[in-house]
There are 2 protein chains.
Amino acid sequence: MHSFTEENYLKAIYKLIEQEGDVVTTNALAERMSTKAASVTDMLKKLSDKKLINYQKYQGVTLTTKGEKVALNIIRKHRLWEMFLVEKLDFKWDEVHDVAEQLEHINSDKLIEQIDKFLNFPKVDPHGDPIPTANGKLISSKSQVLSKFKKNDVSIMTGVVDHSAAFLQFLDKSGLVLGNEIKIKDIVEFDRSLQIIVNKKDTLFISNDVAKNILVIKK
Amino acid sequence: MHSFTEENYLKAIYKLIEQEGDVVTTNALAERMSTKAASVTDMLKKLSDKKLINYQKYQGVTLTTKGEKVALNIIRKHRLWEMFLVEKLDFKWDEVHDVAEQLEHINSDKLIEQIDKFLNFPKVDPHGDPIPTANGKLISSKSQVLSKFKKNDVSIMTGVVDHSAAFLQFLDKSGLVLGNEIKIKDIVEFDRSLQIIVNKKDTLFISNDVAKNILVIKK
DNA sequence: AATATATTTTAGACTAGTCTAAAAATATAT
DNA sequence: ATATATTTTTAGACTAGTCTAAAATATATT
């Protein structure tokens, strides 16, 4: 199997490609892993030798099919564990990340299949992120950020971009949870902040920064 | 916190003291950890510096109060996870060990308290071993090995000494599970093997070696 | 009590992963 | 087109944990 550290690098590469596009740079990876560029270079050589990434000096990295499979499997385990913590152990959605970061490295096919079954094969995790299948397929959601919508658009909240505890707690406090209907009542020209109506009842003002971190699907 | 490896050494020391008595030797520990005596010596110095063990060169080791607390906490987590796997995820009692060896190192107080609650605060694990409390108390069971009993004694099976998958599978096949009543119908002088009656129905012959690995409590 | 044997420790080396400082390559600006 | 700045890689060193081989200590035998 792959080491704890190798798995974390592969996951980080996957996520950076997912959000930043085509290739990942050494510096970007160093920042994400809270380490130094020199350490990243060392690890990239190792992952490249194992055929988990495509790497040419100075040219950045992408994942090989094999590397992507490993990354998606870690993400699958992470999201299933998060779901388990929230659904079965009464964790809040802002409390699950650190524990899931540990649990995702537990190595047992039977364990993760049974957890999946125990949860009745969920499609998304508590943050609305899709859970990759056992054979490494990821159904990408058609959700978009709320900030892209126009006045009077009505949508359903399906996820978040920022997963920090601070942001998630703010959403809880504001009554913004997955599944809620959000109608944009007004958009303030000056700062692009939004006035929204949640579930046809509560009127709320949110900044554009907040809106950029809320995922919705058009109704 | 303590490293994965440190935790495993402390657990091994605890178990060796529990079954072999007062002090643990370097060689015994090396064998248990599947490593070399030289490596053990290095680790003993480290654990001693951290005040987790009492160690004098050439004199063997015991756990300090602090070290015992760490060991018991690992054992607590191990046994709760085993219980979870069997009770909630349909694992067999011979399948849980390796996964629990990994899960026992997950570091989250909330997680283990919630697992405990989810299982309704079990007192023993699937092998009949007592689960230490959150504050490090271990209720030692009054069980004894079946081989110590006499002809016509009646007892209830409460646990096992050998936890290997092979032994547990043999017990399953023989219909010997926790809670069963075992009456000793006869003891063969020659090899101390036993003829037993399980649950007042099935007659079975077991070797003395097997009897030494079955824990029972007198009825 | 002296010697032989077994156990334990030390010394020095190895791997995985990390670091700093310096060198090399690439990108940007004039 | 060349100089400057930025990014990336290399070189060498460090820690945790491991190893082998040799030295030190303890135990057993006569």
Side-chain angles (χ1 to χ4, degrees), chain A residues 1-14 16-17 20-63 67 70-71 74 101-102 104-107, chain B residues 1-14 16-17 20-63 67 70-71 74 101-102 104-107:
Chain A
M1 262 303 105
H2 308 101
S3 77
F4 190 96
T5 311
E6 285 170 352
E7 290 184 348
N8 282 337
Y9 269 93
L10 292 172
K11 186 177 63 155
I13 294 167
Y14 182 93
L16 284 169
I17 290 176
E20 316 279 327
D22 53 340
V23 250
V24 176
T25 66
T26 302
N27 263 358
L29 202 42
E31 178 163 0
R32 181 115 188 170
M33 299 292 296
S34 306
T35 184
K36 297 301 159 75
S39 311
V40 172
T41 300
D42 288 345
M43 181 55 78
L44 293 183
K45 279 187 202 150
K46 196 175 150 193
L47 294 174
S48 184
D49 289 348
K50 294 193 176 185
K51 312 265 188 243
L52 292 162
I53 60 172
N54 304 114
Y55 170 60
Q56 316 258 83
K57 277 199 218 174
Y58 298 101
Q59 305 306 304
V61 283
T62 57
L63 292 171
V70 176
I74 301 298
E101 288 281 296
Q102 298 180 63
E104 71 189 9
H105 300 288
I106 301 292
N107 179 18
Chain B
M1 262 304 105
H2 308 101
S3 76
F4 190 98
T5 311
E6 286 171 353
E7 290 184 348
N8 282 338
Y9 269 94
L10 292 171
K11 186 177 63 157
I13 295 167
Y14 182 93
L16 284 170
I17 290 176
E20 314 280 326
D22 53 340
V23 251
V24 175
T25 66
T26 302
N27 264 359
L29 202 42
E31 176 161 2
R32 181 117 190 167
M33 298 293 296
S34 307
T35 184
K36 297 301 159 75
S39 311
V40 172
T41 301
D42 288 345
M43 180 55 79
L44 293 183
K45 280 187 203 149
K46 196 175 149 193
L47 294 174
S48 183
D49 289 347
K50 293 193 176 185
K51 312 263 188 246
L52 292 162
I53 60 172
N54 304 115
Y55 171 59
Q56 316 259 83
K57 276 199 219 177
Y58 297 100
Q59 305 306 304
V61 282
T62 57
L63 292 172
V70 175
I74 301 297
E101 288 281 295
Q102 298 180 61
E104 71 190 8
H105 301 288
I106 301 292
N107 179 18

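Below, read A as the first sequence line, B as the second, and so on, with proteins coming before strands; counting in each chain starts at 1.
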Taking all atoms of both residues into account, what is the closest heavy-atom pair of B:F4 and B:H105, and its distance?
CE1-CD2, 3.4 Å
What pairs with A:E7 under salt bridge (charged side-chain N to carboxylate O under 4.0 Å, His left out), at least two apart in sequence or on another chain?
none
Measure the distance from CE on B:M43 to C1' on D:dT15 and round it to the nearest whole Å.
12 Å
Hey, does the side chain of B:K36 come within less than 4.0 Å of D:dT20's phosphate (OP1/OP2), counting only N and O?
yes
Rounded to whole Å, please give me the gap between CG in A:L29 and P in C:dT18.
11 Å
All heavy atoms of A:Y14 vs all of A:A71, minimum pair found to be CB-CB, 3.7 Å
Quick tally for nucleotides 8-13 of chain C: nucleotides whose base has a protein heavy atom under 4.0 Å get B, sugar-phosphate-only ones S, the rest -, giving BBB---
Side chain to side chain, B:Y9 and B:V61, heavy atoms closer than 4.5 Å:
no
How long is the line joining CD of B:E6 and P of D:dT15, in whole Å?
16 Å
Using distance only, find each side-chain donor-acceptor pair of residues 22-32 of chain A under 3.5 Å and give its atom names and separation, not counting sequence neighbours.
residue : atom : partner : partner atom : Å
A:T25   : OG1  : A:A28   : N            : 3.2
A:R32   : NH1  : A:Q19   : OE1          : 3.3

For DNA chain C, list all stems, counting runs of three or more consecutive pairs where every pair is Watson-Crick or G-U wobble with both distances under 3.5 Å.
C:1-30 with D:1-30
Remember a base hit wins even if backbone is also touched, and classify B:F4 as base, sugar-phosphate or nothing at under 4.0 Å, heavy atoms.
nothing
Run the numbers on A:K50 and A:E6 for side-chain contact (heavy atoms from CB on, under 4.5 Å), then give the verdict.
CA-CA 10 Å; A:K50 294 193 176 185; A:E6 285 170 352; 2.7 Å; yes
Which atom pair, heavy atoms only, marks the closest approach of B:E104 to B:N8?
OE2-OD1, 3.5 Å
Respond yes when some side-chain nitrogen or oxygen of A:S3 is under 4.0 Å from OP1 or OP2 of C:dA16, and no when none is.
no
When we call it a touch if two heavy atoms are under 4.0 Å apart, what does B:S39 touch: a base, just sugar-phosphate, or nothing?
base
Can you list the residues that meet the ring-ring contact (aromatic ring centres under 6.0 Å, His included) rule with B:H2, with sequence neighbours excluded?
none
Does A:K36 have any salt bridge (charged side-chain N to carboxylate O under 4.0 Å, His left out) partners at least two apart in sequence or in another chain, and if so, which?
none
Rounded to the nearest Å, what distance is computed from the OH atom of residue A:Y9 to the P atom of nucleotide C:dA16?
14 Å
